[in-house]
Amino acid sequence: MNTSDRTLKLYNSLTGKKDVFQPLHEGHAGMYVCGPTVYYDVHLGNCRTFVSFDIIYRYLNALGYQVRYVRNITDVGHLTDDGEDRMAKGARVAQLEPMEVAQKYTVGFHDMMRIFNTLPPSIEPRATGHIPEQIEMVQDILSRGYGYERNGSVYFNVRKFDRENPGIYGQLSGRVLDELMAESRDNLKSQDEKNDPADFAIWMKARPGDIMVWKSPWSVGFPGWHLECSAMSTKYLGQTFDIHGGGNDLKFPHHENEIAQNQGACGCAPARYWLHTNMLLLNGKKMSKSDGNTITPVELFTGDSPFVSKGYSPMVVKFFMLMAHYRSTLDITDEALAAAEKGYRKLMETNRILQSLRPADQPYDGSESAADRAILDGIDTAFSGMDDDFNTAIALASLSELGSFVHKIANKQLDAGEVSPWVLERLKTVFNAFIVDILALQDELDAAGDTGTVEGLMQLILDIRANARTQKDWGTSDKIRDGLAAVGISVKDGKEGTSWTKG
RNA sequence: GGUAUCGUGGCCGAGUGGUUAGGCACAGGUCUGCAAAACCUGCUACAGCGGUUCGAAUCCGCUCGAUACCUCCA
């Protein structure tokens with residue numbers, strides 16, 4: 001597809017409305033997404049965010065953009081409430097080297113992303129691998145007068161930045177600096193070093209016992225949490241780039257501070273479009289480890305949790321996520337997942353049937369039937385949905401409507417001649433493109449492995465049953481069907497022979 | 001307390017000034033040796049109260065409720 005064929009609109013948190021996407025460089029798109037902090041197993045909410053951005057990445061690709069997708073790994077600089085580095089804390093608890101902790105959970109994170117069938121980003125930079133770049137950015141900020149040093153730590157001067165660049169700080173999160181100050185908590189250790197409570201650290205001097213430390217012109221220490229994204233997005237995407245994404249909860253302070261840092265360092269705005277995904281809820285509440293209202297991806301897959309009656313496969317969970325728009329909160333409930341499971345399986349089966357359909361032999365007379373038009377409309381709706389801020393719910397709804405045509409053709413309820421061969425071909429192509437390339441829903445029946453053997457066995461069994469049926473030997477026929485049902489395979493007798501599905 | 005977002009039918013969840021979202025569930029029907037699936041039909045809503053408008057679920061105000069953020073967060 002050519003990038004100019006369609007108008008893509010995306011909801012920009014910066015402007016608070018849907019903006020038409022106009023890339024900085026024709027045909028190219030640069031996207032930075034805040035990645036995980038690798039101090040613990042990936043959280044389900046992370047999965048939703050990264051699945052959402054994977055769809056965005058894939059759709060930009062499908063539209064013909066050459067996309068550079070950068071998603072970082074945060075392996076330093078994240079302070080916990082008591083001021084200790086998250087990585088170091090994880091290491092102390094597990095008696096591991098910090099980098100061992102980072103490696104372990106990075107691998108776990110990658111495995112989970114693969115399970116959800118997401119594409120790896122183009123570049124996946126680590127914070128610890130970009131200490132010089134971060135130090136350089138601190139220097140840039142200092143030289144432009146927006147930072148100050150206190151006892152070896154360097155702070156960003158929010159008040160001064162706001163005074164000299166009015167309207168920037170707070171624009172993304174809709175905050176007013178004065179109110180922030182009034183409400184600001186005072187529980188950070190370094191608070192007394194700051195000129196102003198709204199200021200934040202861009203370089204922290206190490207305290208005794210800190211193990212993840214580097215030399216800098218100011219002290220032996222470590223970079224502030226917000227700094228890595230500013231430094232790495234600049235390095236790989238340039239000072240100004242197209243899209244910046246992340247979870248809604250990063251809007252403030254992280255993204256707000258990130259913008260301030262970039263502006264402070266180069267005097268220019270970083271991303272032009274800011275995209276934020278919404279939270280995943282469990283039974284109406286935000287997931288939280290402390291009050292027990294949480295479920296891990298693995299628990300969800302295995303069903304080993306009081307919140308679900310059974311396990312739901314990764315693709316069912318992904319389908320469930322895609323049924324909602326990425327900017328809406330999504331509530332995980334057992335009933336909703338069960339509904340998603342049925343919907344997912346039906347969609348997969350529909351695609352299998354569709355791909356095996358052969359166009360009618362009749363010559364095309366050039367006319368466009370009502371069915372042709374309806375199918376073409378449905379295809380257009382699916383794309384329009386994606387063009388409208390990546391509305392996967394609309395895309396899935398269109399696929400569902402298109403699916404009924406597939407079954408009608410397969411069941412001969414719609415005369416094959418009613419659908420022009422080229423329309424059927426287009427439907428096959430688009431349907432598959434949506435499922436495989438854009439929404440990236442794997443057919444778990446295919447992915448189960450060893451399908452060759454199973455196919456062969458099923459072929460044989462169904463042949464025997466077909467013979468029994470032609471002889472009206474219903475006893476044998478039903479015995480086979482019931483036996484297969486007992487191992488989870490359902491047999492369906494159609495006009496064109498018998499098909500089967502698992503599960 | 002401040003800020004933001006949201007409140008849609010039995011459930012989930014799109015839409016956002018005038019026309020069917022979709023899925024799941026449910027009820028009838030068609031097809032079928034029976035069944036399942038599929039297809040058809042039905043059920044059918046926009047928290048409450050005011051206002052703007054020829055017309056509002058959609059815009060505005062208030063009330064109630066929910067969720068999130070307010071320097072740990074995807």
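In the text below, chain A, chain B and the rest are named by the order of the sequence lines, each starting its count at 1. If you're wondering where the values come from, they're calculated on a predicted model, not measured in any experiment.
Taking atom CD1 of A/I332 as the reference point, atom P of B/C11 lies 19 Å away to the nearest angstrom. As a whole-Å value, the separation of A/K18 NZ from B/A14 P is 12 Å. Going from atom NE2 of A/H255 over to atom C1' of B/A4 covers 15 Å, rounded to whole Å. Between A/Y105 atom OH and B/A74 atom P the separation is 15 Å, expressed in whole Å. A straight line from CG of A/L280 to P of B/A74 spans 13 Å, rounded to a whole angstrom. Going from atom CG of A/L330 over to atom C1' of B/A74 covers 14 Å, rounded to whole Å. Here B/U71 presents its P atom at 19 Å from CD of A/E193, a figure rounded to the nearest Å. Between the P atom of B/C69 and the CG atom of A/L281 lies a distance of 10 Å, rounded to the nearest Å.
Heavy atoms of A/N257 sit nowhere under 4.0 angstrom from any nucleic acid atom. Residue contacts shown for A/L347 are absent, as no nucleic acid heavy atom lies under 4.0 Å away. Among the heavy atoms of the strands lying under 4.0 Å from A/R469 is at least one base atom, whether or not backbone atoms are also near. Residue A/H43 is classed as a base contact, given a heavy-atom separation below 4.0 Å to a base. Nucleic acid contact class of A/A393 (heavy atoms, under 4.0 Å, all strands): base. Counting any heavy atom pair closer than 4.0 Å across all strands shown, A/G246 reaches sugar-phosphate atoms only and no base atom. Residue contacts shown for A/E341 are absent, as no nucleic acid heavy atom lies under 4.0 Å away. Within 4.0 Å of A/V491, counting heavy atoms only, lies at least one base atom of the nucleic acid. When heavy atoms are screened at a 4.0 angstrom cut-off, A/S398 is found touching no nucleic acid atom at all. Using a 4.0 Å heavy-atom distance criterion, A/K472 is classed as making no nucleic acid contact.
Across B/A66 and B/G55, the matching C1' atoms stand 31 Å from one another, rounded to whole Å. Atom C1' of B/C11 sits at a distance of 32 Å from the matching atom of B/U3, rounded to the whole Å. Between B/G48 and B/C70, the distance separating the two C1' atoms is 30 Å to the nearest Å. Taking atom P on both nucleotides, B/A38 is separated from B/G22 by 16 Å, rounded to a whole Å. The gap from the P atom of B/A57 to that of B/C64 amounts to 23 Å, rounded to the nearest Å. Here the separation of B/C40 from B/C49, taken at their C1' atoms, is 42 Å to the nearest Å. The separation of B/A14 from B/G9, taken at their P atoms, amounts to 13 Å, rounded to a whole angstrom. Between B/G18 and B/G23, the distance separating the two P atoms is 23 Å to the nearest Å.
Aromatic ring orientation, A/Y105 versus A/Y40: parallel (interplanar angle below 30°, classes split at 30° and 60°). Aromatic ring pairs are classed by plane angle as parallel below 30°, tilted from 30° to 60° and perpendicular above 60°; the pair A/H276 and A/H255 is tilted. Relative orientation of the A/F156 and A/Y146 rings is parallel, given thresholds of 30° and 60° on the angle between their planes.
Although no hydrogens or angles enter the test, the distance criterion places a donor-acceptor pair under 3.5 Å between the side chain of A/R48 and the main chain of A/M279. A distance-only check finds a donor-acceptor pair linking the side chain of A/D54 to the backbone of A/L119 [under 3.5 Å]. Judged by distance alone, with hydrogens and angles left aside, the side-chain atoms of A/E401 form no donor-acceptor pair with the main-chain N or O of A/S398 at under 3.5 Å.
Side-chain proximity of A/S400 to B/A38, B/G23, B/A21: nearest is B/G23. In the set B/A68, B/A38, B/U16, B/A68 carries the atom at the smallest distance from any side-chain atom of A/M279. Proximity note for A/L250 (side chain, C-beta onward) versus B/A74, B/C34, B/U71: the nearest is B/A74. When distances run from any side-chain atom of A/K342 to the nucleotides B/C69, B/C12, B/A25, the shortest one goes to B/A25. Comparing B/A36, B/G22, B/A74 against the side chain of A/A397 picks out B/G22 as the nearest.
For the atom pair A/D377 CG and A/S384 OG, the distance stands at 9.5 Å (nearest 0.5 Å). One distance of note links OG1 of A/T15 with OH of A/Y273; it measures 9.0 Å at 0.5 Å rounding.
Side chains of A/K492 and A/T498: a donor-acceptor N/O pair is absent below 3.5 angstrom, by distance only.
Between A/E401 and A/K251, the residue anchored closer to the 5' end of RNA chain B is A/K251, taking for each the nucleotide with the nearest heavy atom. Place A/T333 and A/D478 on RNA chain B by their nearest nucleotides, and A/T333 ends up nearer the 5' end.
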statement: Per-residue pairing states of RNA chain B in dot-bracket (Watson-Crick or G-U under 3.5 Å; . unpaired, | other strand) read (((((((..(((.....[...))).(((((.......)))))....(((((..]....))))))))))))....
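Environment of NZ in A/K310: crowded, with over 12 heavy atoms of neighbouring residues, nucleotides or ligands closer than 6.0 Å.
Because its NZ or CZ atom is both nearer than 6.0 Å to the ring centre of A/F50 and within 45° of the ring axis, A/R71 counts as a cation-pi partner of that residue. Stacking of A/R327 on the aromatic ring of A/Y11 is recorded, both the 6.0 Å distance cut-off and the 45° axial limit being met.
Near RNA chain B, meaning a heavy atom under 4.0 Å away, the residues from residues 316-328 of chain A are A/M323, A/A324, A/H325, A/S328.
Taking 4.0 angstrom as the limit, A/N391 places a side-chain polar atom (N or O) nearer than this to OP1 or OP2 of B/G15. Checking the phosphate oxygens (OP1, OP2) of B/A74, no side-chain nitrogen or oxygen of A/T277 falls inside 4.0 Å. For the OP1/OP2 pair of B/C40 and a distance below 4.0 Å, the side-chain nitrogens and oxygens of A/K408 include at least one atom meeting the criterion.
The distance between the ring centers of A/Y69 and A/Y32 does not fall below 6.0 angstrom.
We find that the ring of A/F50 and the base of B/A74 do not stack by the test of centres under 5.5 angstrom and planes tilted less than 30°.
Within 3.5 Å, no donor on the side chain of A/R481 pairs with an acceptor on the base of B/A36, nor the reverse.
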